[in-house]
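Sequential numbering from 1 along the given sequence is applied to the chain's residues. Keep in mind that the numbers below use all heavy atoms, side chains included, and drop hydrogens, waters and symmetry copies.
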Amino acid sequence: MRCFDHFVLEHGVDIRGVLFDIDDTITTNGKLTPDAYVAIGRLKVAGMLVIAITGRPAGWCDQIARLWPVDGVIGENGAFYFYHDANAKKIVKRFVLDERTRAANRQIMAGVAQLVLREVPGSALASDQAYREADIAVDFCEDVPRLAATDVARIESLMVSHGLMAKVSSIHVNGWVGDYDKLTTTRLMFNEVFNIDLDTEKSRFVFVGDSPNDQPMFAFFPRAVGVANIRDFAAQLSTPPAYVTRARNGAGFVEVAERLLAGTAAVS
């Protein structure tokens with residue numbers, strides 16, 4: 001991982017958009033700071049495609065798609081994408097799995113969730129669980145005292161051993177039934193909504209993240225950036241981002257936005 005000071009915009013290639021995680025990427029100590037929110041808006045006003053990509057629930061993502069200065073949001077680690085259709089004046093919601101399948105999966109996940117809570121003392125369902133459509137989120141530090149790394153690994157292992165996909169974020173372990181993740185649904189949204197083939201255009205987009213569940217994005221985007229707190233997870237990263245900001249959390253995101261908006265590049 002190279003310092004973001006060495007981020008280079010290749011000659012003749014313009015950045016078309018910025019994709020970003022939410023928790024601990026644009027937030028700081030659980031809050032979306034004014035500077036980070038303004039940075040999102042400035043990127044959008046500058047004409048960039050701006051997409052939030054998060055593990056947060058459908059209920060939150062409805063509000064984000066409606067009210068934030070973004071072109072859309074991918075939520076629950078790839079379970080869906082939402083965007084606001086200005087012409088139709090409504091939110092368009094595209095789930096990867098149909099409602100009947102999601103309902104059946106919720107029964108499976110509920111059983112796994114109860115097992116995890118029994119087996120890992122101190123864990124709890126995330127406070128936003130009621131607003132989720134397609135996954136379970138087990139809290140290990142957001143609204144509970146921080147659990148040991150071994151406990152977090154145990155939560156992930158229990159989910160996987162009972163047939164769930166599992167990803168660790170900076171605050172939750174998310175589990176779901178389905179063969180998708182942040183990257184697969186990003187590809188789907190870009191193809192269906194924006195008519196962009198990311199396999200050929202990925203160098204023109206920057207992804208900003210902070211934790212292990214962002215690894216598919218780090219691996220795919222050559223201009224992936226981690227805010228400085230990604231270093232907290234260095235031992236857990238098999239595919240780190242290409243660059244790391246000097247600042248942590250929301251201030252790191254602002255660092256990225258300012259560099260892109262200035263259109264300048266520091267060279268090594």
Side-chain angles (χ1 to χ4, degrees), residues 1-29 32-33 35-44 46-55 70-71 74 77-78 167-171 181-184 186-187 190 196 198-268:
M1 296 185 287
R2 293 195 297 166
C3 177
F4 187 63
D5 287 350
H6 300 302
F7 185 88
V8 175
L9 297 179
E10 295 173 5
H11 178 71
V13 177
D14 295 324
I15 295 297
R16 293 186 63 182
V18 180
L19 294 66
F20 57 88
D21 176 58
I22 292 180
D23 288 292
D24 292 316
T25 297
I26 63 168
T27 66
T28 303
N29 297 323
L32 177 57
T33 63
D35 286 351
Y37 189 76
V38 168
I40 297 168
R42 290 179 65 204
L43 291 167
K44 182 77 169 72
M48 294 189 189
L49 196 63
V50 182
I51 307 289
I53 304 177
T54 181
V70 296
D71 293 284
I74 292 165
N77 284 291
K167 296 290 183 181
V168 179
S169 76
S170 59
I171 53 174
D181 58 21
K182 287 183 174 183
L183 178 58
T184 60
T186 298
R187 275 189 167 121
F190 270 64
I196 294 173
L198 272 181
D199 288 317
T200 59
E201 293 287 306
K202 61 185 177 182
S203 66
R204 300 187 67 189
F205 292 89
V206 172
F207 172 76
V208 190
D210 78 297
S211 64
N213 70 337
D214 293 319
Q215 288 187 96
M217 307 295 279
F218 292 154
F220 181 76
F221 288 97
R223 291 192 171 115
V225 182
V227 289
N229 37 301
I230 190 68
R231 297 189 188 279
D232 298 345
F233 297 99
Q236 299 166 245
L237 296 176
S238 58
T239 51
Y243 303 94
V244 180
T245 62
R246 289 184 177 275
R248 296 173 64 90
N249 306 114
F253 178 77
V254 172
E255 187 180 329
V256 175
E258 288 180 346
R259 173 65 56 79
L260 296 178
L261 290 165
T264 60
V267 296
S268 55

*Asks:* Search all heavy atoms of Ile15 against all heavy atoms of Ser203 and return the closest pair with its distance.
*Replies:*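 Distance-wise, the nearest heavy atoms are CD1-O, 4.1 Å.
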*Asks:* Can you tell me which residue pairs pass the ring-ring contact (aromatic ring centres under 6.0 Å, His included) test with a partner in residues 208-237, sequence neighbours excluded?
*Replies:*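 Sorted pair list: Phe207-Phe218.
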*Asks:* Residues in salt bridge (Lys or Arg N to Asp or Glu O under 4.0 Å) with Asp71, at least two apart?
*Replies:*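 Partners of Asp71 under the salt bridge (Lys or Arg N to Asp or Glu O under 4.0 Å) test: Lys44.
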*Asks:* Taking the side chain as C-beta and beyond, is there a heavy-atom pair between Asn249 and Asp24 under 4.5 Å?
*Replies:*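 Yes - at least one pair of side-chain heavy atoms lies under 4.5 Å apart.
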*Asks:* Please determine which of Ile74, Val206, Ile51 meets the side chain to side chain contact (heavy atoms under 4.5 Å, CB included) test together with Leu19.
*Replies:*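 The residue from Ile74, Val206, Ile51 that satisfies side chain to side chain contact (heavy atoms under 4.5 Å, CB included) with Leu19 turns out to be Ile51.
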*Asks:* Say you draw a straight line from OG1 of Thr245 to CE of Met1; how long is it, rounded to the nearest 0.5 Å?
*Replies:*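 Here the rounded value is 10.5 Å.
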*Asks:* Are the side chains of Arg248 and Val227 in touch, meaning some heavy atoms are under 4.5 Å apart?
*Replies:*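 SC-SC contact between Arg248 and Val227 ruled out.
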*Asks:* Taking Gln236 for its side chain and Pro212 for its backbone only, find out whether a donor-acceptor pair lies under 3.5 Å.
*Replies:*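 Pair absent, no side-chain N/O of Gln236 close to backbone of Pro212.
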*Asks:* What distance separates Leu32 CG from Ile26 CD1, expressed to the nearest 0.5 Å?
*Replies:*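 Reported to 0.5 Å precision, the distance equals 5.0 Å.
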*Asks:* Do the side chains of Phe20 and Val70 get nearer than 4.5 Å, heavy atoms only?
*Replies:*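 Result yes, sub-4.5 Å side-chain heavy-atom pair found.
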*Asks:* Lys167 versus Gln215: any side-chain heavy-atom pair under 4.5 Å?
*Replies:*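 Counting from C-beta outward, Lys167 and Gln215 never come under 4.5 Å.
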*Asks:* Is the positively charged end of Arg259 above the ring of Phe7, judged by distance under 6.0 angstrom from the centroid and angle within 45° of the axis?
*Replies:*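 Verdict for Phe7: no cation-pi partner in Arg259.
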*Asks:* So, for Ala257 and Leu43, which heavy atoms are closest and what is the spacing to 0.1 Å?
*Replies:*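 Smallest interatomic distance, heavy atoms only, reads CB-CD1, 4.0 Å.
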*Asks:* More than 12 heavy atoms of other residues, nucleotides or ligands under 6.0 Å from CG of Asn29: is that the case?
*Replies:*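 No - once you tally the heavy atoms of other residues, nucleotides and ligands closer than 6.0 Å, there are 12 at most.
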*Asks:* Does anything in residues 206-216 form a salt bridge (charged side-chain N to carboxylate O under 4.0 Å, His left out)? List the pairs, not counting sequence neighbours.
*Replies:*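 Residue pairs with at least one partner in residues 206-216: Lys182-Asp214.
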*Asks:* What pairs with Arg16 under side chain to side chain contact (heavy atoms under 4.5 Å, CB included), at least two apart in sequence or on another chain?
*Replies:*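 Counting only residues at least two positions away or on another chain, Arg16 forms a side chain to side chain contact (heavy atoms under 4.5 Å, CB included) with Ile196, Glu201, Arg204, Phe205.
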*Asks:* Residues in salt bridge (Lys or Arg N to Asp or Glu O under 4.0 Å) with Asp35, at least two apart?
*Replies:*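 Counting only residues at least two positions away or on another chain, Asp35 forms no salt bridge (Lys or Arg N to Asp or Glu O under 4.0 Å).
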*Asks:* Which heavy-atom pair separates Phe253 from Thr25 by the least distance, and what is that distance?
*Replies:*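 Of all heavy-atom pairs spanning Phe253 and Thr25, the closest is CB-O, 3.5 Å.
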*Asks:* Can you check whether Met48 reaches Leu260 side chain to side chain, under 4.5 Å on heavy atoms?
*Replies:*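 Yes, close enough: below the 4.5 Å cut-off.
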*Asks:* So which atom in Thr28 and which in Ala251 form the shortest heavy-atom distance, rounded to 0.1 Å?
*Replies:*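 Smallest heavy-atom distance, with atoms named: OG1-N, 4.3 Å.
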*Asks:* Could you work out, with side-chain hydrogen bond (donor to acceptor under 3.5 Å, both in side chains) as the rule, every residue matching Ser211, not counting sequence neighbours?
*Replies:*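 Applying side-chain hydrogen bond (donor to acceptor under 3.5 Å, both in side chains) to Ser211 gives Asn213.
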*Asks:* CG of Asn77 to CG of Leu183: how many Å apart, nearest 0.5 Å?
*Replies:*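 If I round to the nearest 0.5 Å, the distance is 12.0 Å.
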*Asks:* Roughly how far, to the nearest 0.5 Å, is CD1 of Ile230 from CG of Asp21?
*Replies:*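 Here the interatomic distance stands at 9.0 Å.
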